[in-house]
Amino acid sequence: MIDAVAGGPVPGSTVVTANGPDSFVWWAWVGDHTDDIREATVEHLQLTATAIGCGFAIAMVLSIVSLRWRGTYGPLAAIAGILYSIPSLALFAVLVPVTGLGFRTAAIALTSYTLLILLRNIVEGVRAVPASVVDAADGMGYEPWRRFLTVDLPLATPAIISGLRIATVTVIGLVTIGALVGSGGYGTLIDDGLSRKFSTPIVVGASLSIATAMAFDLCFVALGRVLTPWTRSRGGLDVADEPTDDGAERVAAENAKRGVGR
Amino acid sequence: MSEALDYLLSASSWEGRNGLGRLLWNHVRLSGAVVFVAVALTVPPALWLGHRRRGGAAVTTVNLSRALPTFAVIALVFPISLRFGFGLGFWPTFVALLLLALPPIFVNTHTGVTSIDTSVVDAARAMGMREREVLWSVELPAALPLILTGVRISAVQVVATTTLGALVGFACLGLPITQGLRTNDHAKILGGAILVALLSLATEALFSLLARYSMPWSARSRPLRRARTRPVTVPLDGA
């Protein structure tokens with residue numbers, strides 16, 4: 001056990017008096033391993049970016065298909081939902097015999113987790129564009145593609161950003177688990193610490209992945225505000241309707257967020 | 001696949017100290033305890049804040065807390081739990097899952113109460129109901145569909161995520177998966193994954209039935225039900 005070194009100082013007093021291998025965080029170890037920590041950070045972010053990039057590209061194609069041919073949305077969402085419901089640990093483990101240990105396995109598993117959230121948010125966001133706006137664009141002679149790119153997508157930005165936010169934060173949490181199949185990232189530190197019963201790498205890896213998730217979450221909130229200034233000005237206008245409306249959004253966001261951090 | 005079924009269907013894999021029977025029981029027991037504690041901790045304050053039409057800041061904070069990666073929280077609590085003599089496995093998993101379970105229940109309860117049409121609450125007050133009666137016999141029943149949805153979401157998440165407890169030595173249905181990974185036993189990995197997936201589906205079904213039978217009114221009065229369920233599909237984020 002971590003504090004069960006024979007003849008060592010009494011557990012608990014160690015934290016206050018001396019900083020050593022028995023402390024929660026042994027700062028000397030952290031100082032000696034900054035390269036490992038930096039490498040884990042780079043791997044973590046690379047894997048997150050890969051999964052989100054691939055996931056967004058695939059989800060965009062699927063969304064266009066399901067907006068163009070309405071009947072395809074149900075089946076596509078159902079397939080994405082099945083992928084989403086597989087426990088992460090199991091998906092990583094099941095993929096190992098097929099794609100081997102490492103980056104590729106983790107990237108495939110993580111991409112598959114982003115699909116449901118992104119597909120649903122893009123499609124529902126575009127569908128929520130008021131019919132009058134769509135009619136006006138059509139009446140002005142916009143061709144379908146131009147309308148999609150310059151009217152539908154910009155108006156769906158809040159939904160898309162919130163989908164990206166949920167997907168990114170979910171993936172950052174899941175990358176940590178991906179270390180078990182050798183994908184690198186902060187999970188490597190945690191795994192290392194768990195197998196040696198040595199708390200410093202565990203605490204460092206866990207804190208950094210929590211901090212990264214939180215930082216990205218806040219960044220996306222800020223990004224959403226910057227990109228959609230019109231949603232802010234709406235707040236003060238109609239006080240009576242605001243709570244209900246806001247509530248609906250929250251429930252929706254929370255529903256879309258099912259399974260965060262698995 | 002067939003090997004995984006063989007593994008699941010053979011009696012020997014269900015027996016013993018780390019047999020599937022015991023793992024399943026541990027898994028269900030921990031998940032149930034987490035959901036129970038989460039409901040007990042969050043529903044009363046959320047109801048009260050909703051009744052007072054306050055707590056917007058609390059909802060925002062709770063929404064941010066769902067960015068917490070569960071495995072990282074388990075890992076962070078693990079050394080603390082060891083140091084203070086709570087042992088490995090159970091408590092780190094319990095704490096991390098509790099943090100995972102709180103937000104959906106809190107947000108849904110609060111939203112359920114605040115989104116009730118104010119004319120309904122005003123009518124109840126006009127009929128001479130006291131504040132406690134308004135909360136107990138008007139707001140709570142009206143918010144029940146959303147509260148149960150929150151509990152269902154939490155429960156399904158918790159059941160699926162309890163799997164991670166195996167990584168810190170909690171004997172749950174994640175154990176066949178981690179053991180299989182270590183020994184390259186694909187049948188065991190797949191068998192464990194299938195059991196977890198089935199358990200999640202069963203949880204979802206259980207709560208759907210519970211919702212249907214505990215709220216006969218919501219099935220009959222269509223307009224109310226539609227108004228309550230439709231916003232769920234609009235994926236906008238308030239926070």
Side-chain angles (χ1 to χ4, degrees), chain A residues 1-3 11-12 24 85-87 89-91 93-94 96-97 120-121 124-125 128 158-159 162-163 165 169 172-174 176-177 180 186-187 190 194 199 202-203 205-207 209-210 213-214 217-218 221 224 243-244 246-262, chain B residues 53 56 59 63-64 66-76 78-80 82-83 100 103-104 107-108 110-112 114-115 118 146 149-150 153 156-157 160-161 163-164 166-168 174 177-178 180-181 184 186 189-190 192-193 196-197 200-201 230-239:
Chain A
M1 302 300 115
I2 288 170
D3 51 17
F24 282 121
S85 66
I86 304 172
L89 189 57
L91 185 57
V94 168
V96 169
R120 196 157 62 174
N121 276 37
E124 301 287 351
S162 102
R165 173 186 166 196
V169 170
I172 290 173
L174 292 175
T176 322
I177 302 168
L180 294 171
Y186 294 133
I190 297 178
L194 284 178
S199 77
I202 303 179
V203 175
S207 316
S209 70
I210 291 172
M214 289 304 201
D217 201 42
L218 290 172
V221 175
T244 330
D246 199 17
E249 292 178 356
R250 267 188 252 122
V251 180
E254 166 270 313
N255 238 315
K257 212 158 180 176
R258 298 172 54 165
V260 164
R262 282 189 305 161
Chain B
R53 307 268 159 172
V59 169
N63 263 335
L64 281 180
R66 28 168 61 128
L68 284 175
T70 304
F71 178 51
V73 178
I74 293 181
L76 195 59
F78 179 72
I80 301 174
L82 275 186
R83 181 158 306 238
L100 176 75
V107 174
N108 269 32
H110 187 266
T111 310
T114 50
S115 64
T118 37
L146 267 189
T149 306
I153 292 170
V156 174
Q157 276 179 202
T161 314
T163 320
L164 295 180
L167 296 174
V168 290
I177 300 176
T178 50
L181 255 181
N184 234 2
H186 303 316
I189 295 176
L190 205 54
V196 176
S200 310
L201 287 176
R230 194 182 47 192
V232 171
T233 56
V234 185
L236 295 169
D237 194 345

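All chains are named by letter (A, B, ...) in the order of the sequence lines, taking the proteins before the strands, and each is independently numbered beginning at 1. Just so we're clear, the structure is a prediction, and the values are computed from it rather than from any experiment. Note that these values count all heavy atoms, side chains included, but never hydrogens, waters or copies made by symmetry.
The closest side-chain heavy-atom distance from I190(A) to F78(B) is not below 4.5 Å. A 4.5 Å side-chain heavy-atom check between L76(B) and V203(A) finds at least one atom pair inside the cut-off.
When every heavy atom of L68(B) is checked against every heavy atom of I210(A), the shortest pair comes out as CD2-CG2, 3.5 Å. G173(A) approaches P69(B) most closely through the heavy-atom pair CA-CB, 3.4 Å.
By the side-chain contact (heavy atoms from CB on, under 4.5 Å) test, A93(A) is found to be paired with I177(B), L181(B), I189(B), residues two or more places apart in sequence or in another chain being considered.
Neither the backbone nor the side chain of S200(B) comes within less than 4.5 Å of any heavy atom of chain A. Neither the backbone nor the side chain of L201(B) comes within contact range of chain A; no heavy atoms are under 4.5 Å apart. Heavy-atom distances place no part of L91(A) under 4.5 Å from chain B, backbone and side chain included. Interface remark: I172(A) contributes no atoms to any contact with chain B (heavy atom separation under 4.5 Å). Contact annotation for T178(B): only side-chain heavy atoms (C-beta onward) come within less than 4.5 Å of a heavy atom of chain A.
In terms of non-hydrogen atom pairs under 4.5 Å with chain A, the most contact-rich of I80(B), L190(B), V168(B) is I80(B).
To the nearest 0.5 Å, atoms CD1 (I177(A)) and CG (L167(B)) are separated by 7.5 Å. One distance of note links CD1 of I74(B) with OG1 of T176(A); it measures 11.0 Å at 0.5 Å rounding.
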